[in-house]
Enquirer: 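Quick one: the structure is below, and I'll ask about it shortly.
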Amino acid sequence: MEDLFGNNYPSSSKNLYADIILPVPIPLTFTYSVGPEIQEEIGIGYRVMVQFGRKRILTGIVAKVHQKAPEAYKAKPILDLLDDYPIVNALQIKFWGWLASYYCCHIGEVMNAALPSGLKLSTESKVQMHPDFELENPGYPMDERELLILETLEKKEEVNVDQLESVVPAKDLHKIIKSLLGKKAILVYESVKEKYSPKVEVRVRLAPEYLSDSNKLNELFEGVKGKEKQENVLLKFLQQVPIFKNAQLNEEGLSKKILTDSGCSPSSIDTLVKNKVLQSFKVKISRFALIQVDDKPIELSEVQKDAYDAVQKEFTSKATVLLHGITGSGKTEIYIKLIMEVLESGSQVLLLLPEIALTTHLVARLQKVFGDKMGVFHSKYSDNERVEIWQGVLSGKYNFIIGVRSSLFLPFDSLGLVIVDEEHEPSYKQYDPAPRFHARDAAIMMAWLHQAKTVLGTATPAFETFYNAQNDKYGYVRMDKRYGDAELPHFHLADILKDKKKNLLKLDFTRLMREKIQEALNHQEQVLIFQNRRGYAPYISCDECGWIPECEHCDVSLTYHQYQEELRCHYCGFKDKVPIKCQACGSSKITTVGSGTERIEENLSLLFPEARILRMDLDTTRSKYGYQKILEEFGSGNVDILVGTQMITKGLDFDRVSLVGIVDADRILFYPDFRSGERAFQQITQVAGRAGRRNVTGNVVIQTRRPDQLIFKQIISGNYNDFYQQEMGERRQFYYPPFVKNIKIVTKHKDFKTAETAAIQLKNLLSDIEGRKIILGPEKALIGKIKNLFLFEIWIKLEKNANTQERFKQEMVRIISELQGDKRFRSVRFLIDVDPY
DNA sequence: AGCACGCCGACT
DNA sequence: GTCGGCGTGCTC
């Protein structure tokens with residue numbers, strides 16, 4: 001409505017408030033008042049700028065709009081509305097709330113994890129001289145440094161705080177600015193700047209008048225006759241953009257870069273633009289190259305078709321289906337078929353993959369099928385790229401996202417299907433920072449919010465998942481035939497101790513392993529060697545007294561890195577020189593103990609000097625494309641042996657691998673954790689799955705000191721169910737998940753005693769909470785000190801009852817915040833990990 | 001978390 | 001005397 005003076009007021013101005021989620025670790029939303037200018041627009045999911053505390057200006061997300069004025073305080077006003085449309089939808093806000101409550105963290109922490117930092121805003125403090133202030137007549141005495149700043153400000157309109165650091169030392173700057181503020185000599189204000197800058201391309205097109213009138217075009221060519229450069233530009237343009245065939249094409253234009261790349265000079269293009277022959281314009285472009293779509297229909301085999309039908313059938317009664325298909329059974333095709341179906345119905349699809357699987361051929365394969373409708377969300381991408389994917393989901397450009405854990409936070413509004421591939425992967429659980437969520441479980445929740453379906457795919461289901469399938473909570477589809485009927489590999493157990501006694505163990509390799517490798521090499525077949533430990537040697541030790549160098553800040557031994565000739569702590573990055581003498585007894589007999597991938601690689605080159613060997617671990621794949629390079633190299637057949645960590649279990653699908661060797665199975669098996677058996681089964685089965693080809697049976701050699709272990713029999717027979725049954729017996733007996741719900745609490749403090757006391761106190765308080773439970777500890781954590789902070793752990797086992805769990809968590813959070821109020825424990829950090837891994 | 005306020009020790 | 005250490009309290 002317009003008043004007499006032409007001012008515009010919202011028709012129904014009222015007292016409106018908004019609850020804002022702010023990126024701070026406080027378990028609340030904050031109520032701000034909504035000014036009349038933005039009352040019409042504001043809504044859930046919009047970004048706003050607010051002042052928080054005395055100094056800070058933050059970006060927040062509107063969680064709720066209402067008219068209830070807060071009673072205890074006066075709400076501050078929202079400073080600014082940042083968007084024309086909500087950047088986060090209501091389902092996401094619900095999802096955030098669920099994560100915060102289920103995983104016992106603050107909603108601000110969820111917000112921090114969810115939004116790419118390009119969508120949070122950067123506040124840059126700017127300084128300017130106070131309009132009423134006169135340097136000649138200051139009104140207050142000014143010291144020298146204050147005058148320096150004022151002089152700088154007089155020269156320029158506005159200055160960034162950090163620019164003043166050149167005038168006055170940074171550490172004093174704050175004080176001086178504060179003092180100047182007090183003297184009303186300057187103003188400090190925040191200017192908000194979007195960090196996100198879309199990538200733009202400059203394009204040119206022909207001015208429209210030439211399009212409709214062919215005479216004009218002829219005239220044009222007459223006109224440029226003799227002006228060779230310009231003529232060239234026009235010809236190249238028409239060659240690239242055949243406007244005679246399709247006039248529409250002119251609208252899209254042609255990238256200026258294409259013209260300059262084909263030999264046109266930029267200046268001649270500019271001249272044509274200046275003469276209004278060409279028009280120059282800018283378009284936002286995606287950072288991802290378009291890939292040709294392969295429109296061949298995918299063909300499912302009989303087995304795949306059956307499995308696909310079975311999944312669909314399960315979906316009629318269950319929202320979540322476990323697709324239990326052994327390695328090489330062809331789950332990917334089933335995914336593709338399911339995805340296509342959902343996309344055609346107009347819904348969105350999310351495919352989650354573990355980090356390391358995201359650089360493999362699976363992505364390329366899917367990209368071939370889905371082209372640029374598919375967005376890839378990777379953790380190695382820059383923030384700009386993440387924002388682009390975010391906007392792409394928002395605008396509907398991407399209906400299908402394939403990505404890591406954090407792609408769960410993208411602004412989907414109509415998911416129809418979520419697929420969690422390699423569902424058993426422990427890396428789906430986030431530990432640091434909060435929210436400590438499991439992507440598989442969160443995905444199921446997310447799907448539920450959208451009334452969508454979930455497929456959990458794996459060759460070796462997590463016990464929790466299989467348990468749910470057994471109890472009819474999830475649907476279950478099994479595929480136990482390898483694609484193309486490839487045979488399962490032969491397993492061999494090699495006894496490390498026996499060989500050692502007979503002096504047959506050479507450089508970590510048993511005779512059997514060496515023979516099998518030689519055999520494969522003779523047949524020109526490829527070999528994978530698995531060692532789940534990177535670096536050269538895990539530690540060094542004194543032969544005389546057993547002394548082992550340890551980190552000064554952490555409770556771990558230092559790892560020996562041969563390449564840099566140094567000892568390094570994998571927890572805090574501490575580095576030390578390699579000692580020449582034992583610091584305990586003075587002996588100079590210091591040797592390396594154990595083997596990492598680096599040493600295995602070296603050993604192999606000594607044992608098989610003629611073989612071409614490559615190593616794949618965190619150290620050799622650190623660069624953006626390091627991983628792909630190694631895979632390509634191996635795939636090309638120029639490599640005989642690939643040594644690597646977990647990584648080699650993912651995405652390798654090479655026809656020429658006939659042997660898989662596991663250097664030290666015990667390392668996987670005897671990890672002090674109730675899941676070690678499950679994990680060993682998964683890992684060994686996964687690596688073993690890489691062995692074998694269409695018509696030659698593969699071999700798997702497992703080196704161990706305990707070949708009698710039952711688990712090996714079960715792995716070898718591939719009998720997941722037997723293994724599951726037996727392990728579950730133990731889990732039931734000793735109260736482990738899935739029979740109980742686990743919560744781990746870690747106390748962290750620089751003082752050992754304080755960390756311990758806090759944990760003891762907490763345990764006592766927790767014991768009084770109602771409900772059936774077992775509380776273990778506190779115990780010093782496996783690694784008792786990291787970065788000079790001591791760690792204590794409490795493990796809670798709760799009965800399987802949603803109400804008990806809910807109540808327990810609520811009480812627990814209350815107790816912890818009370819405990820933090822105690823001045824002894826003020827600086828103790830309490831980390832809550834629900835469903836720890 | 002981050003930031004201010006306030007209360008103590010060791011310096012020009 | 002003040003600079004700066006960090007313990008304490010609060011943020012709509």
Side-chain angles (χ1 to χ4, degrees), chain A residues 15-35 38-39 42 44 46-81 93 96 100 104-115 117 120-125 141 143-146 161-162 168-182 188-190 432-436 748-751 754 758 787-789 813 816-832:
Chain A
N15 289 330
L16 206 58
Y17 298 91
D19 293 346
I20 311 290
I21 302 168
L22 292 173
V24 288
I26 303 168
L28 299 165
T29 53
F30 294 85
T31 307
Y32 286 82
S33 63
V34 182
I38 53 173
Q39 288 195 356
I42 201 166
I44 291 178
Y46 280 76
R47 287 180 305 163
V48 291
M49 297 300 305
V50 293
Q51 187 174 48
F52 185 68
R54 211 125 90 67
K55 188 136 189 246
R56 286 195 292 169
I57 289 182
L58 300 174
T59 319
I61 297 277
V62 177
K64 197 176 161 190
V65 180
H66 57 86
Q67 294 184 55
K68 209 167 72 215
E71 283 161 27
Y73 53 88
K74 189 176 180 305
K76 282 185 187 167
I78 288 172
L79 300 178
D80 216 346
L81 188 65
I93 305 264
W96 292 6
C104 301
C105 68
H106 312 300
I107 196 148
E109 293 173 312
V110 180
M111 171 186 168
N112 256 338
L115 287 187
S117 40
K120 299 171 216 159
L121 293 167
S122 65
T123 44
E124 281 175 22
S125 301
D143 74 20
E144 206 182 302
R145 296 190 299 183
E146 288 172 342
V161 171
D162 44 318
V168 151
K171 65 180 174 63
D172 305 330
L173 189 56
H174 220 79
K175 281 229 158 60
I176 304 170
I177 288 179
K178 229 173 79 181
S179 150
L180 284 168
L181 268 173
V188 171
Y189 61 100
E190 308 286 331
D432 208 33
R436 302 185 172 79
K748 231 173 159 180
H749 198 264
K750 61 178 191 294
D751 178 61
T754 310
K787 295 181 187 168
N788 285 325
L789 296 173
V813 168
I816 289 177
S817 71
E818 260 176 33
L819 213 48
Q820 291 233 271
D822 186 325
K823 64 177 193 292
R824 285 176 300 163
F825 305 132
R826 187 159 289 277
S827 51
V828 177
R829 307 267 298 117
F830 293 85
L831 310 184
I832 305 172

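Note that the coordinates shown come from a computational prediction; the quantities given were computed from them, not determined experimentally. All chains are named by letter (A, B, ...) in the order of the sequence lines, taking the proteins before the strands, and each is independently numbered beginning at 1.
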Enquirer: Between B:dC3 atom C1' and A:Leu22 atom CG, what is the distance in whole Å?
Expert: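 After rounding, the gap between these two atoms is 15 Å.
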
Enquirer: From A:Asp19 CG over to A:Lys68 NZ, what is the distance, rounded to the nearest 0.5 angstrom?
Expert: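 So the CG of A:Asp19 and the NZ of A:Lys68 are separated by 8.0 Å.
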
Enquirer: Atom CZ in A:Arg824, atom CG in A:Leu819: separation rounded to 0.5 Å?
Expert: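 A:Arg824 atom CZ to A:Leu819 atom CG measures 8.0 Å (nearest 0.5 Å).
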
Enquirer: In this structure, how many angstroms lie between the C1' atom of B:dG2 and the NE2 atom of A:His106, rounded?
Expert: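 Taking atom C1' of B:dG2 as the reference, NE2 of A:His106 is at 14 Å.
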
Enquirer: Measure from CD on A:Gln51 to P on C:dC12 and round the result to the nearest Å.
Expert: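 Spelled out: CD on A:Gln51 to P on C:dC12 is 7 Å.
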
Enquirer: Taking all non-hydrogen atoms of both residues into account, name the closest pair between A:Ala18 and A:Ile78 and its distance.
Expert: CB-CD1, 4.0 Å

Enquirer: Please report, rounded to the nearest Å, how far the C1' atom of C:dC10 is from the CZ atom of A:Phe30.
Expert: 10 Å

Enquirer: Mind calculating the distance between CD1 (A:Ile26) and C1' (C:dC10) to the nearest angstrom?
Expert: 8 Å

Enquirer: Measure the spacing between CH2 of A:Trp96 and CD1 of A:Ile21 and express it to the nearest 0.5 Å.
Expert: 5.5 Å

Enquirer: Once you apply a heavy-atom cut-off of 4.0 Å, does A:Tyr73 come out as touching a base, just sugar-phosphate, or nothing?
Expert: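 Result for A:Tyr73 = base.
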
Enquirer: For a quick test of reading the model, state the closest non-hydrogen atom pair linking A:Ile20 to A:Gly60 and the distance between them.
Expert: CG2-CA, 3.7 Å

Enquirer: What's the CD-P distance between A:Glu109 and B:dG2, to the nearest Å?
Expert: 12 Å

Enquirer: Donor-acceptor pair, distance only, cut-off 3.5 Å: does the side chain of A:Lys76 make one with the backbone of A:Gly53?
Expert: yes

Enquirer: Indicate whether OP1 or OP2 belonging to B:dC5 is found under 4.0 Å from a side-chain N or O atom of A:Arg54.
Expert: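 Answer yes for this pair, as a side-chain N or O of A:Arg54 is under 4.0 Å from OP1 or OP2.
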
Enquirer: Could you list the protein-to-nucleotides 7-9 of chain C atom pairs, N/O on both sides, closer than 3.5 Å?
Expert:
| from | atom 1 | to | atom 2 | distance (Å) |
| --- | --- | --- | --- | --- |
| C:dG9 | OP2 | A:Arg826 | NH2 | 3.2 |

Enquirer: With heavy atoms under 4.0 Å as the rule, sort A:Pro25 into base, sugar-phosphate or nothing.
Expert: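 Base contact.
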
Enquirer: Can you check the A:Lys74 NZ to C:dC12 P distance for me, whole Å?
Expert: 12 Å

Enquirer: List the residues meeting side-chain contact (heavy atoms from CB on, under 4.5 Å) with A:Leu79, not counting sequence neighbours, and say none if there are none.
Expert: A:Met49, A:Gln51, A:Ile57

Enquirer: Report the distance from atom CZ of A:Phe52 to atom P of B:dA1, rounded to the nearest whole Å.
Expert: 13 Å

Enquirer: Is a side-chain donor or acceptor of A:His106 paired with a backbone partner of A:Gly108 at a separation under 3.5 angstrom?
Expert: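 A pair under 3.5 Å: no.
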
Enquirer: Under a cut-off of 3.5 Å for both distances of each Watson-Crick or G-U pair, what dot-bracket string does DNA chain C give, using [ ] for crossing pairs and | for inter-strand pairs?
Expert: |||||||||||.

Enquirer: Nearest heavy-atom pair of A:Ala758 and A:Phe830: which atoms, and what distance?
Expert: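 Heavy-atom minimum between the residues: CB-CZ, 4.1 Å.
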
